[in-house]
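Here is the structure we will look at.
Atoms within a ligand are numbered from 1 in the order they appear, just like the ligands themselves. Residue indices begin at 1 and follow the sequence shown.
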Amino acid sequence: MHQSDWLLWLLHGKLGVSDYNNALKVGYDPETESYPSWLVSQPFSYLLPTVKPPGTPIESIKEDMRKQFGFPKDCVVCTGTTDSIAAFLAAGATLPGKAVTSLGSTLAIKLLSTYRIEDSRFGVYSHRLDDKWLVGGASNTGGAVLRQIFTDDQLELLSQQINPLVASTLDYYPLPANGERFPIADPNMQPRLHPRPENDVHYLHGILESIARIEAKAFGLLKELGATEVEEVYTAGGGAKNEAWRKIRERVLGIPVRRAEHTEAAYGAALLALKGACQ
Ligand SMILES: Nc1ncnc2c1ncn2[C@@H]1O[C@H](COP(=O)(O)OP(=O)(O)O)[C@@H](O)[C@H]1O
Ligand SMILES: O=C(CO)[C@H](O)[C@H](O)COP(=O)(O)O
């Protein structure tokens, strides 16, 4: 059971229901809308959840939960999705070639593509989004490694002093611990955060630029593997507020990079609930 399935179960009380985005990671195939036969033949397969499209009504909210949280009597609980897909939905990107990079603790990329791409050599997989595909993966770089070095206040102050139009020559691979998933899949990959210059503005500039290069490598890889080519990137998550970083990324990626109008994944989850309520 996925975390979100458990949380929803507390609300509706019907055990073993999931959506095809969360269920992907337990082997569900969203294209054939079934589990593969090798999985179904396992002795534990009775534990696999029943899968519905995201935003499908499951059940009315349990009476005790309804009273505890003050929901209306007609409140219905719907299937959800994963956090970075919810961030994609929140950003409002609807056309192939549009992508959302979630700069939270990690860096998660979702590119809307007409084609489905799977390549475990590089940690690339596709989530279904109605009749299209969200191609991408999640890198362990991102905000968690920044927080190991700087406070959020320092990040804000130092970033204001960066000149984003000038390329940093510092070359790092910022990771919070050993191990990377995408665009390099290597559980033993070591972080590279040295040499550290004396000036913290230069250091942060080098780190942000290096993370932007990882993002560019990721989009380049998706193109090589046959995904629809990225045209524009929206940004969600805690890193979305960093204007210097946005400009660095725009220079490094060579395409428009915008802050999403709604940068919270919760907004995307609410849109799914709205879809379910209209069914
Ligand atoms: N000004 C900033 N510039 C870049 N990153 C920032 C800034 N402020 C906060 N962050 C990063 O945002 C991250 C938190 O974002 P959030 O979307 O809440 O993450 P998650 O939900 O994945 O934990 C932190 O890891 C932090 O390093
Ligand atoms: O790094 C993450 C959480 O730590 C990502 O959000 C997650 O791995 C992305 O998963 P998905 O593509 O299934 O939404």
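The environment of NZ in Lys217 is sparse: at most 12 heavy-atom neighbours from other residues, nucleotides or ligands sit within 6.0 Å.
Between Leu129 and the options Asn21, Thr94, Leu134, a side chain to side chain contact (heavy atoms under 4.5 Å, CB included) holds for only Leu134.
Ranking the protein heavy atoms by distance from atom 3 (C) of ligand 2 puts Thr106 OG1, 4.2 Å first. The protein heavy atom nearest to atom 7 (C) of ligand 2 is Ala138 CB, 4.1 Å. Given atom 1 (O) of ligand 2, the protein heavy atom at minimum distance is Arg181 NH2, 2.6 Å. Here the heavy atom of the protein found nearest to atom 14 (O) of ligand 2 is Thr82 OG1, 2.5 Å. Nearest to atom 10 (O) of ligand 2 among the protein's heavy atoms is Lys25 NZ, 3.3 Å.
Those atoms of ligand 2 that come under 4.0 Å of a heavy atom in Asp83, given as number and element, are 6 (O). For ligand 2, the atoms closer than 4.0 angstrom to any heavy atom of Lys110 are 11 (P), 12 (O), 14 (O). Of all atoms in ligand 2, listed by their number and element, those nearer than 4.0 Å to a heavy atom of His127 are 11 (P), 12 (O), 13 (O), 14 (O).
Using a cut-off of 4.0 Å between Lys/Arg side-chain N and Asp/Glu carboxylate O, Asp29 and Arg116 are scored as salt-bridged. Using a 4.0 Å cut-off between a side-chain N of Lys or Arg and a carboxylate O of Asp or Glu, Glu33 and Arg128 qualify as a salt bridge. Taking the charged nitrogens against the carboxylate oxygens, Arg121 and Asp186 have no contact shorter than 4.0 Å, which rules out a salt bridge. The pair Glu250-Lys247 does not count as a salt bridge, with every side-chain nitrogen at least 4.0 angstrom from each carboxylate oxygen.
Through chains of ILVMFWY side-chain contacts below 4.5 Å, Val17 is grouped with Met1, Trp6, Leu7, Leu8, Trp9, Leu10, Leu11, Leu15, Ile58, Ile61, Met65, Phe69, Phe71, Val77.
Looking only at distances, a side-chain donor or acceptor of Ser45 sits under 3.5 Å from a matching main-chain atom of Val40.
Outside the 6.0 Å centre-distance limit, the rings of Tyr203 and His205 are not counted as a close aromatic pair.
A donor-acceptor contact closer than 3.5 angstrom is absent between the side chains of Ser139 and Thr141.
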Are any protein N/O atoms closer than 3.5 Å to the N/O atoms of ligand 1? If there are, list each pair with names and the distance to one decimal place.
residue, atom, partner, partner atom, Å
ligand 1, 3 (N), Asn242, ND2, 3.0
ligand 1, 15 (O), Gly238, N, 3.2
ligand 1, 17 (O), Gly238, N, 2.9
ligand 1, 19 (O), Ser105, N, 3.4
ligand 1, 22 (O), Ser105, N, 2.8
ligand 1, 22 (O), Ser105, OG, 3.3
ligand 1, 23 (O), Ser105, OG, 2.8
ligand 1, 25 (O), Gly143, O, 3.0
ligand 1, 27 (O), Gly143, O, 2.8

